[in-house]
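Bear in mind that the values here come from a model prediction, so they are computed numbers and not experimental data. Residue numbers begin at 1 in each chain, while the letters A, B, ... track the order of the sequences.
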Amino acid sequence: MKIASFNVNGINGRLPRLLEWLEASKPDVACLQELKSPDNNFPAAALRDAGYGAVFHGQRSWNGVAILARGAMPIETGRGLEGNLQDDQSRYLEAVVDGIVIGCLYLPNGNPWPGPKFDYKLEWFDRLCAHAQRLVDFGLPAVLAGDFNVVPTDADIYNPASWRKDALLQPESRAAFARLLDQGWTDAIRALHPNEAIYTYWDYWRNRWPRNAGLRIDHLLLNRELAPMLTAAGVDREVRGRPGASDHAPVWVEIAV
DNA sequence: ATGTCGACTGCTAGTCGA
């Protein structure tokens, strides 16, 4: 079973790129972020024609997450995170596909740091950790997939010095990510590729893609039920190099189920 | 300090967010 995560940066403008990637990579499950589309404009019919059932949690202009399943309809089990009734941003969606719990998330960027947006990032992260602990306690096979907007270590970025004041590298952001892993989640890319420079995001600015000046911020985390079944993990880098690409590339895992 | 995008509106130019 292949499970992927892809920040599409606008699902309607990106639809041709998304469809060609689905056709080429054929993930069984695809978690999408930054739909930037309200639910009534989600391209469900085009995805259905491509062979994918979809559940989605969109909003106008920003954010938005979706879970696609090849030849199946994901069974939605939750949207949004508990603990803050004032939070109206569409950043978390959860569904079951083939008996696996799929948590699709778009963690707040948090810039500029410091400030209220960074405070929101940490507050959202706290609620994610609380929810993730419940998934761990459930004991069902589970994946947390998405754009975490965290560069876990200095090995996950081309040059940490120039990003030291960015929300993505703050010690508090990294500590929250480490706290999440400590619950019993495995960072799939690092489990199989502990020493390689692997990136998933290259800013549109400053020639960053041609220079391979990237960051690893899109992650697939496997719980203890699933981690022993991990057989492969990678990034579809070529997607980032195409005309009209998202600033993120898809990341994926293969699970022996 | 900054070269890019996508979505949106006071809508063909400027704003916001990333």
Euclidean distance for P, B/dC5 against B/dC11 (whole angstrom): 26 Å
Sugar-phosphate, base or nothing in reach of A/Y201, heavy atoms under 4.0 Å: nothing
Spacing of the C1' atoms in B/dT12 and B/dC8 (rounded, Å): 14 Å
Interatomic distance, A/E34 CD vs B/dG17 P [rounded to whole Å]: 13 Å
Between P of B/dG3 and CZ of A/R208, the distance in whole Å: 12 Å
Integer-rounded Å distance: B/dG3 C1' and A/D247 CG: 15 Å
Base versus backbone protein contacts along nucleotides 4-16 of chain B [heavy-atom cut-off under 4.0 Å; B, S, -]: BSSSSS-------
Under the side-chain hydrogen bond (donor to acceptor under 3.5 Å, both in side chains) test, residues paired with A/N207 that sit two or more places apart: none
Which donor-acceptor pairs under 3.5 Å do the side chains of residues 111-118 of chain A make with protein atoms, sequence neighbours left out?
from   : atom 1 : to     : atom 2 : distance (Å)
A/N111 : OD1    : A/A167 : N      : 2.9
A/N111 : ND2    : A/N109 : OD1    : 2.9
A/N111 : ND2    : A/D166 : OD1    : 3.0
A/N111 : ND2    : A/D166 : OD2    : 3.2

Span that lies between the P atom of B/dT15 and that of B/dT2, in whole angstrom: 15 Å
Co-members of A/L85 in a cluster of I, L, V, M, F, W and Y side chains, linked at under 4.5 Å: none
Interatomic distance at C1', B/dC16 relative to B/dG10, whole Å: 14 Å
P-based separation of B/dG3 from B/dG14 [nearest Å]: 16 Å
Ring pair (Phe, Tyr, Trp, His ring centres under 6.0 Å) partners of residues 228-257 of chain A, not counting sequence neighbours, each pair once: A/Y201-A/H248
Basic-acidic side-chain contact under 4.0 Å: A/D156, A/R174: no
Summary of ring pair (Phe, Tyr, Trp, His ring centres under 6.0 Å) pairs that have at least one residue in residues 207-244 of chain A, sequence neighbours excluded: A/F148-A/H219, A/F177-A/H219, A/W202-A/W209
Nearest-angstrom distance from the residue atom NZ of A/K121 to P of B/dG17: 16 Å
